[in-house]
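Comments concern the structure below.
Counting convention: from 1, in listed order, for ligands and their atoms alike. For the numbers below, each heavy atom of this structure counts, side chains included, while hydrogens, waters and symmetry mates do not.
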Amino acid sequence: MTTCSAPGKVYLFGEHAVVYGEPAVPCAVERRARVTVEPRDDERVRVDAADLSLDGFTVTWGGSIDDRPDIDVPASLVEAAMEYIEAAVRQARDAADAPGAGFDITVKSAIPLGAGLGSSAAVVVAGIDAATRALGTELDPEEVARRAYEAEHEVQDGQASRADTYCSAMGGAVRVEGDDTRTIDAPPLPFVVGYDGGAGDTGELVAGVRALREEHAFAADTVETVGDLTREGERLLAAADPESEPSDDLLAELGELMDFNHGLLEALGVSARSLDAMVWAARDAGAHGAKLTGAGGGGCIVALDTSTETEHALGYTAECEQSFRAELATEGVRVEAA
Ligand code: PMV
C-alpha cells in the first residue's frame, strides 16, 4: 500500500493569460489530496473516493472505473474526476512499464472540486506518484509533473496549461510560461481563501476568453496586460527575502497587482457575482488585495491578509460558504505511507 499526497494551489497572478503564452505564478497551498494505491492481482481498477469536496457535497463511491457512481452531485464533476483517475492510471502503467497493472485506489481530498484550487491536478499528481511507487518505480517530481500534465491535457482536450500540475508536484511558488516551468522563491504569503460552494466550467470559460480575444484587439491587449502585471509581481517576489515574513509594503504592492488582475479577469468575463462579492468583502475587511483564482465562473477567491479580519468577514458574507487560511505549501507531492 502506498499513499502520496499533493497540494492544491491558488493563482497569485496570471490564470487564463497563461493559456496564451503569458507567464503565471501559482502558489501551492496546504490543502491536500491523498491517494492510496494497492496493486491488485488482476487488471481491474477500483476507485473509492470520499470527501471530494470541502463542503456542500460529499462524493462517496466504490466500484470499477466502468461503473459510473450513482450519487447526488453534478454528473459532469464525477465524470471528470473519474476521467482524471483513469488518465493517471494510464500514466502510471506506462511509467512503470506495467500495461496490465490493476489497482485499488482510495482518494481523499480536502480541495473543493472545480473551484479554482487545482483539485484535479492534485489528485492526478498524487495518483501517478502513488501508483508508480506501488509498482516499484520512483519518479522525480519533475517527471510526475510532466506526466500529470499529459494526463490533464488528455482529459481537458488540450486546453490545460502546465501551471496546476507543475505547482502541485513541486510545491511552493512556481512560474509557468508556455512549456517553461520553474520554481521561484517567495516569502510565506498570508493567503485567505473564500469559497462560494460552486464551481466553474473551465473549458467553457477558457473558450469564452479565446473568443473575446479573437474578436477584439482590446481583449487581446487585456490578456497581455495580465502578463505585464504578472512580470511586475515576479520582480517583487524576486526582491523579497524568502525566509522572512513579507513586509507590509510588499503585501500592499502584491495586493494592488492582485486587485488589478481581478479587474482584468472581470473584464474578460470570467468573474461571477459571488466572486466579486467575496473580493469586495475581503477588501472591505482590510485585505491587501483580492482576486478570483483559477478559471472563475464560481468557486474561490484568494486574498492577502496577515490578520484574521478577512477570514472572519468572509465567514459573514452571504455568497461565501467557507473561508479558511491557506498557508503556502512548501512541499509538493510527497509520500505519506509506503
Ligand atoms: O480553475 P482551474 O484551477 O482549473 O484553473 C484554470 C486555469 C486556466 O488558466 C484558466 C486554464 C489553465 O489550464 O491554465
Side-chain angles (χ1 to χ4, degrees), residues 6-29 31-33 52-54 76-77 80-81 83-84 87 109 111-125 145 148-169 174-181 191 193-196 198-213 219 222-224 226-227 229-230 261-262 264-272 274-275 291-302 326 329:
K9 61 101 224 322
V10 294
Y11 273 93
L12 188 55
F13 309 115
E15 56 274 87
H16 283 287
V18 72
V19 175
Y20 310 99
E22 300 293 342
V25 178
C27 298
V29 294
R31 282 269 155 175
R32 289 182 169 261
L52 267 181
S53 166
L54 190 70
S76 59
L77 281 183
E83 282 178 40
Y84 286 113
S109 177
I111 310 168
L113 274 185
L117 294 186
S119 54
S120 59
V123 168
V124 169
V125 164
Y149 168 69
E150 294 297 329
E152 276 220 334
H153 195 261
E154 194 182 311
V155 177
Q156 295 178 11
D157 294 330
Q159 297 275 13
S161 75
R162 292 182 185 272
D164 285 27
T165 40
Y166 186 74
C167 186
S168 183
V174 307
R175 75 141 1 228
V176 174
E177 185 171 359
D179 288 337
D180 183 69
T181 49
F191 293 124
V193 172
Y195 171 40
D196 70 4
D201 182 326
T202 300
E204 228 170 71
L205 291 154
V206 169
V209 173
R210 186 180 299 279
L212 262 187
R213 203 175 148 269
T222 303
V223 169
E224 276 183 38
V226 172
L229 77 82
T230 300
N261 198 163
H262 183 76
L264 297 177
L265 289 166
E266 216 278 317
L268 290 170
V270 298
S271 192
S274 58
L275 298 175
K291 61 184 279 296
L292 69 85
T293 172
C300 293
I301 63 125
V302 58

Return the minimal non-hydrogen interatomic distance between Val124 and Ala151, and the atom names on each side.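 In this case the closest contact between Val124 and Ala151 is CG1-CB, 3.8 Å.
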Kindly give the heavy-atom pair with the smallest separation between Gly296 and Leu205, and that separation in Å.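 Heavy atoms of Gly296 and Leu205 come nearest at O-CD1, 3.2 Å.
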Within the 4.0 Å heavy-atom shell around [X], which atoms of ligand 1 are there?
X	result
Asp164	2 (P), 3 (O), 4 (O)
Gly116	1 (O), 3 (O)
Val18	9 (O), 14 (O)
Glu15	9 (O)
Ser161	12 (C), 13 (O), 14 (O)
Gly118	3 (O)

Around [atom], find the nearest protein heavy atom and jot down its residue, atom name and distance.
atom	answer
atom 11 (C) of ligand 1	Val19 CG2, 3.9 Å
atom 7 (C) of ligand 1	Tyr11 OH, 3.6 Å
atom 4 (O) of ligand 1	Thr202 OG1, 3.6 Å
atom 8 (C) of ligand 1	His16 N, 3.9 Å

Would Glu22 and Val226 satisfy side chain to side chain contact (heavy atoms under 4.5 Å, CB included), going step by step from the backbone distance to the final call? CA-CA 8 Å; Glu22 300 293 342; Val226 172; over 6 Å; no
Look only at interatomic distance and state if Ala295 has a nitrogen or oxygen under 3.5 Å from any nitrogen or oxygen of ligand 1.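 Yes; at least one N/O pair falls below 3.5 Å.
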Rounded to the nearest 0.5 Å, what separation is found between the [atom1] atom of [X] and the [atom2] atom of [Y]?
X	Y	atom1	atom2	value
Glu224	Leu264	CD	CG	12.0 Å
Glu15	Ser161	CD	OG	10.0 Å
Asp164	Arg162	CG	CZ	13.0 Å

Checking the side chain of Asp196 only, and the main-chain atoms of Gly298 only, is there a donor and an acceptor separated by less than 3.5 Å? no
Are Lys9 and ligand 1 in contact, using a heavy-atom cut-off of under 4.0 Å?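 Per 4.0 Å heavy-atom rule, Lys9 contacts ligand 1.
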So Leu268 and Val223, side chain to side chain contact (heavy atoms under 4.5 Å, CB included) or not? Walk me through it. CA-CA 8 Å; Leu268 290 170; Val223 169; 4.1 Å; yes
